[in-house]
Asks: 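I'd like to ask some things about the structure below.
When a residue number appears, it is its place in the shown sequence, counting from 1. Just so you know, these numbers use all the heavy atoms, side chains as well, and skip hydrogens, waters and symmetry mates. Just so you know, ligand 1 is whichever comes first in the structure, and atom 1 is the first atom listed for that ligand.
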Amino acid sequence: MAEGGPCIPSRYVFTALVSIGLAIIYGLKVNLSVAIVVMINSTELAIMKLASDDHHGDHHGSNESSFANPEFACPAPDSGANATAAVQDGPFAWSEPTQGLVLGAYFWGYILTQIPGGRVAEMFSAKWVIWGSVLVNVVFTILTPVAANISYIAVLVVRFIEGLGAGVSLPAIHVMLTKWALPQERNMISSLAYAGMALGTVISLPFSGILADQLGWEAVFYVQGGLAMIWCVLWLVFVYDSPQAHPRIHPAELELFESCMQGDGGHGHGHSNFPWKALTSGPFWAILIAHTCNNFGWYMLLVELPTYMKHILRFNISENALLSAVPYLSLWIFSVIWSNRLDWAKSKGWISTTTVRKLSTAVGSLLPALCFIGVSFAGCDRQAAVALMTLGTMFIAGMYCGFLSNHIDIAPNYAGTLMALTNTAATIPGFIVPVFVGEMTHGNQSLGQWQIIFFTTSAILLVELIVYSLLASGEEQSWNRTYSGADGKNAAHLSPEEEKLNKTTRA
Ligand SMILES: *[C@@H]1O[C@H](CO)[C@@H](O)[C@H](O)[C@H]1NC(C)=O
């Protein structure tokens, strides 16, 4: 055997499976927003709308019952053959507000397990917590069609439980990373984990559309859930809580961990007290507000675009899903290039950390806000609308190098707690957005209503831009040190420069 040991080091197997695990969780999260488009019987909703309007008195003619409010939406795309494609009815006559509840239920669960998730993973085995998190999502995804046939309330419950399960995944992965990521590889490994989230979305959206189109909406849940089962087996066989617990790890790799991780022992559960001082800290509130406002725009893009594309722009489901995936692909490419360029400019000493965070957050808020305004003016110009939505989604990736990386700058000792706090607040838009859109478009899927929705979103993104530009900081805050124990800076959160230094001093 060559001295290099096994073909694939255990830590790369771990990284790949974590990334795929996150892709599964994100894929199963977004598939409903595609599937719901074909699960709804728009014809019946339109009839119900006409009936309720007749109660109120005069409504001009009820002769066009085969289209959902054609007078409000854009004309069907050019050819007559396509016109029928815009009307794909499913079995469920859920009103828009009900759809909003169904799409939002996931986030009610997700928000509840954010803060406890990390604790549970620290106390028990993070491996089993992550496995359980994915398994819950897989099982309840497969149960979704059954639930839908019972009642929309059953779907609410199913999605709520999926959210509960998914909520623990990120904190638990954070716990495992402290054991499996060598200091010099931490940035790469966490980027790969982020990539898993975007990748899950990129794959799930078109895949859901094709499945729904070819095999019916139930197939979205059965096929995706079934494929994800494979991961559940692989995870149990190939992943262990720590390198020391891995029975088949190569001795050379284990040796590498033992030598590199020596000084890092004990982090991840060191700072058990709550950073109360953060609550009076401007830079902390800057992150919290930016995270919350930005997620409003993010969930608008993630959850509501398929609905807008069907009802207003009149794309059919398979076009719709393919086109919804293009923005996430551009987001992924843009975030890789953007983070790389910012690192480069910083290494040259041209910009400070504070500038990086503010600039990147500005890209992630101002440009999407302009795109939302553009979409509402683009109206029925389908190409312009799709191009603007793609640009908006792409630029929102500015968040990764902006406020999302800012917790570690201002308080490395409390980064996990701060992330749990801002992510909890930032989940609120997850259930506000669908309900807001549902109320706004209830029985009135019109361009005018969507313009109000898009302008509101832009305004919220501009609030983010202003608050963050005024309050944010890339510097460590004094309260980070008030309870720092003996070693001052926590070894878990070193900047790339310090890591390099560490590596060379240890080598
Ligand atoms: C949708 O509703 C209409 C009117 O109630 C009904 O005729 C049609 O069969 C329904 N479509 C499906 C797929 O259930």
Asks: If you measure only the distance, is there a donor-acceptor pair under 3.5 Å linking the side chains of Thr427 and Gln114?
Replies: no
Asks: Going by atom types only, do Asn406 and Tyr468 share a side-chain donor-acceptor pair under 3.5 Å?
Replies: yes
Asks: Can you confirm whether the side chains of Trp450 and Ser376 place a donor and an acceptor under 3.5 Å from each other?
Replies: no
Asks: Is atom 9 (O) of ligand 1 less than 4.0 angstrom from at least one protein heavy atom?
Replies: no
Asks: What protein heavy atom sits nearest atom 2 (O) of ligand 1, and how far away is it?
Replies: Asn41 ND2, 2.3 Å
Asks: Backbone or side chain, does any N or O of Asp89 fall under 3.5 Å from an N or O of ligand 1?
Replies: no
Asks: Report the relative orientation of the aromatic rings in Trp180 and His246; use parallel for angles under 30°, tilted for 30 to 60°, perpendicular for over 60°.
Replies: perpendicular
Asks: How far is atom 4 (C) of ligand 1 from its nearest protein heavy atom, and which residue and atom is that?
Replies: Ile47 CD1, 3.8 Å
Asks: According to the interplanar angle, ranging from 0 to 90°, do the rings of His291 and Phe403 count as parallel (below 30°), tilted (30 to 60°) or perpendicular (above 60°)?
Replies: tilted
Asks: May I ask you to identify the nearest protein heavy atom to atom 5 (O) of ligand 1, giving residue, atom name and distance to one decimal place in Å?
Replies: Glu44 OE1, 3.4 Å
Asks: Run the numbers for me: atoms of ligand 1, each under 4.0 Å from some heavy atom of Gly90, listed by number.
Replies: 12 (C), 13 (C), 14 (O)
